[in-house]
A.B. asks: 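Here it is, the structure in full.
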Amino acid sequence: MKIEGKNLIIGFICFLIVFMVTAQIKTIYRSESDIISIKNENELRDEITQWRDYYDAATARINELNAKISEYQASATKDDEATKLIKDELDRVKMLAGLVAVKGQGIIITLDDTKALEKIAIDAGYYDPNVYVIHDSDLAMVVNELRAAGAEAISINGQRITGNSEIRCIGPQVLINGIRMTAPFKISAIGDSKNLRASLTLRGGIIDSIKSANIDVSIEEQEEIIIPAYEKTLNYQYATEVEGGAK
Amino acid sequence: MILIIIFSCMLGLLLGFFVPVIPYAYTKYMAIGIMAAFDSIIGAISGVVQKKFDIKIFVSGFFVNMFIAIAFTILGESLNVDIALAAIVVFVFRIFNNLSTIRRQILMKLENKKEKEKRVIK
């Protein structure tokens, strides 16, 4: 039995070592075929150094680009301010030019032909319509007076009066901004309503003279008048800017 | 006895083939264990040749050397010292030593035999 035990132990040891060697060889073989190319340590070290160089270069590039980005951002915000200023200025100029609808306190003057007087005149037998109807000059005088009194925006029957607007007689009608219109004329003006009314109703002033021309005039002050924008497109064909301004 | 050895070797080969692959990180420890085992076996053979073989010393040496070698390798790993290399150097050194001992013993036996024959002839 002692021999038997000894044999068993030796057999077990043989089994163990063969088993270990086989497993080891198999593992090494498999691993190498898995990894495809086993690089030695020095190669790997070289590669690490190389990659570290790449990394440093990439980091430097990132920093550079980040700096550029912040620079751009800074200038972009600057641009924003400039753009905003320009936009504000543009809005202001547009309003001054009458290209946007505006509202505010002001007065509405209504001018109408006097039907009653006209009838009397016809009855009397010396009817001359030119005497009784509202003329373009009447309207222009009112507008002129309103401007002199500091009106900021003026419209006649919904047509904005701008620096380019005409008030012109075309026979029985009046042409304003290329639109034909007839009485009654509703002139709206934004400005200090008291001032406007006062300057119009001055003794011997514009209203007096219009009234004496047999025209019905009514003036009402309003807290809020809305005046529409100039509808036509402004386009200068012949005028160009003078560099530096004319002296 | 030879039958048992052959049979167990075959069994080991078979099992080694069908066992799943051990993780690559552990092959280092396995290798050290194998070297320790080889050292023990060569030592045992030399013991047999010198007629001072003791199964207890062999078996205890086989397992203890193997485990200590693996333990040292792990320790070296954690200390960043290549103790595995030192262990392999020692094992290979001992294997060569034992092999030379075996060779010398076998040669001595052969010479003894020749001398005996000569004496017989004389």
Side-chain angles (χ1 to χ4, degrees), chain A residues 1-70, chain B residues 1-45 47-48 53-67 69-70 73 82 85 88 91 95:
Chain A
M1 283 316 281
K2 204 184 176 235
I3 290 288
E4 196 68 22
K6 205 172 161 183
N7 285 351
L8 269 179
I9 287 165
I10 286 168
F12 175 68
I13 283 169
C14 284
F15 157 73
L16 200 69
I17 192 147
V18 170
F19 168 72
M20 278 168 74
V21 169
T22 314
Q24 175 83 345
I25 287 169
K26 196 182 97 174
T27 304
I28 299 290
Y29 181 76
R30 281 278 176 84
S31 302
E32 281 187 4
S33 65
D34 279 355
I35 293 165
I36 295 167
S37 70
I38 300 248
K39 289 172 178 168
N40 68 33
E41 203 179 327
N42 290 335
E43 257 176 86
L44 290 171
R45 272 182 207 285
D46 284 349
E47 231 168 78
I48 286 171
T49 324
Q50 207 178 336
W51 283 114
R52 204 163 275 163
D53 282 351
Y54 282 145
Y55 174 79
D56 286 345
T59 313
R61 182 106 181 99
I62 286 168
N63 286 338
E64 197 183 304
L65 291 175
N66 274 343
K68 234 177 221 176
I69 285 169
S70 42
Chain B
M1 170 135 177
I2 288 168
L3 214 71
I4 287 174
I5 288 169
I6 289 167
F7 173 73
S8 48
C9 281
M10 294 295 276
L11 195 70
L13 208 67
L14 224 74
L15 267 173
F17 259 118
F18 289 107
V19 99
V21 173
I22 49 172
Y24 189 78
Y26 296 149
T27 54
K28 200 174 180 180
Y29 311 127
M30 194 76 150
I32 293 294
I34 289 166
M35 287 316 289
F38 269 135
D39 172 54
S40 291
I41 286 168
I42 301 296
I45 292 169
V48 169
F53 174 73
D54 187 347
I55 187 109
K56 280 175 208 153
I57 290 171
F58 169 57
V59 172
S60 64
F62 183 88
F63 287 107
V64 170
N65 275 2
M66 199 159 80
F67 282 114
I70 289 168
T73 309
D82 249 337
L85 206 69
I88 283 173
F91 288 140
I95 286 168

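Here is how names work: the chains are called A, B, and so on, in the same order as the sequence lines, proteins then strands, and each is numbered from 1.
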A.B. asks: What part of B:Ala44 gets within 4.5 angstrom of chain A, counting heavy atoms only: side chain, backbone, both, or neither?
C.D. replies: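 Neither; nothing under 4.5 Å.
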
A.B. asks: List in chain and number order the residues that pass salt bridge (charged side-chain N to carboxylate O under 4.0 Å, His left out) with A:Arg52, two or more places apart in sequence or in another chain; answer none if no residue qualifies.
C.D. replies: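 Checked A:Arg52 against salt bridge (charged side-chain N to carboxylate O under 4.0 Å, His left out); zero matches.
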
A.B. asks: Quick one: ring pair (Phe, Tyr, Trp, His ring centres under 6.0 Å) partners of B:Tyr29, sequence neighbours excluded?
C.D. replies: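 Expected list: none.
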
A.B. asks: Measure distances from B:Phe17 to the heavy atoms of chain A and classify the residue's part below 4.5 Å as side chain, backbone, both or neither.
C.D. replies: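 Backbone plus side chain of B:Phe17, per the 4.5 Å heavy-atom cut-off to chain A.
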
A.B. asks: Between atom SG of B:Cys9 and atom CD1 of B:Ile4, what is the distance when rounded to the nearest 0.5 Å?
C.D. replies: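 If we round to the nearest 0.5 Å, B:Cys9:SG and B:Ile4:CD1 are 12.0 Å apart.
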
A.B. asks: Roughly how far, to the nearest 0.5 Å, is OH of A:Tyr55 from CH2 of A:Trp51?
C.D. replies: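 Output value for this atom pair is 14.0 Å.
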
A.B. asks: So for B:Phe38, is it side chain, backbone, both, or neither that comes closer than 4.5 Å to the heavy atoms of chain A?
C.D. replies: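 The answer is both parts of B:Phe38.
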
A.B. asks: Of all residues at least two apart in sequence or in a different chain, which pass the side chain to side chain contact (heavy atoms under 4.5 Å, CB included) check with B:Phe18?
C.D. replies: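 B:Leu14.
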
A.B. asks: For B:Met66, is it the side chain, the backbone, both or neither that has a heavy atom under 4.5 Å from a heavy atom of chain A?
C.D. replies: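 Looking at B:Met66, just its side chain touches chain A.
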
A.B. asks: What's the shortest heavy-atom distance between B:Ala69 and B:Ala36, and which atoms?
C.D. replies: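 Looking at all heavy atoms of both residues, the closest pair is CB-CB, 4.3 Å.
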
A.B. asks: Is B:Phe7 close to chain A through its backbone or its side chain, or both, or neither, when contacts mean heavy atoms under 4.5 Å?
C.D. replies: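 Neither part.
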
A.B. asks: Tell me the residues of residues 13-24 of chain A whose non-hydrogen atoms fall below 4.5 Å from those of chain B, in number order.
C.D. replies: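 At a heavy-atom separation under 4.5 Å, chain B is reached by A:Ile13, A:Cys14, A:Phe15, A:Leu16, A:Ile17, A:Val18, A:Phe19, A:Met20, A:Val21, A:Thr22, A:Ala23, A:Gln24.
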
A.B. asks: If you define the side chain from C-beta out and look only at heavy atoms, does anything of B:Phe53 sit under 4.5 Å from B:Ile45?
C.D. replies: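 Answer no - side chains too far apart.
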
A.B. asks: With rounding to the nearest 0.5 angstrom, report the CD1 to CG distance, B:Ile88 to B:Asp82.
C.D. replies: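 Taking CD1 in B:Ile88 and CG in B:Asp82, the distance rounds to 9.0 Å.
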
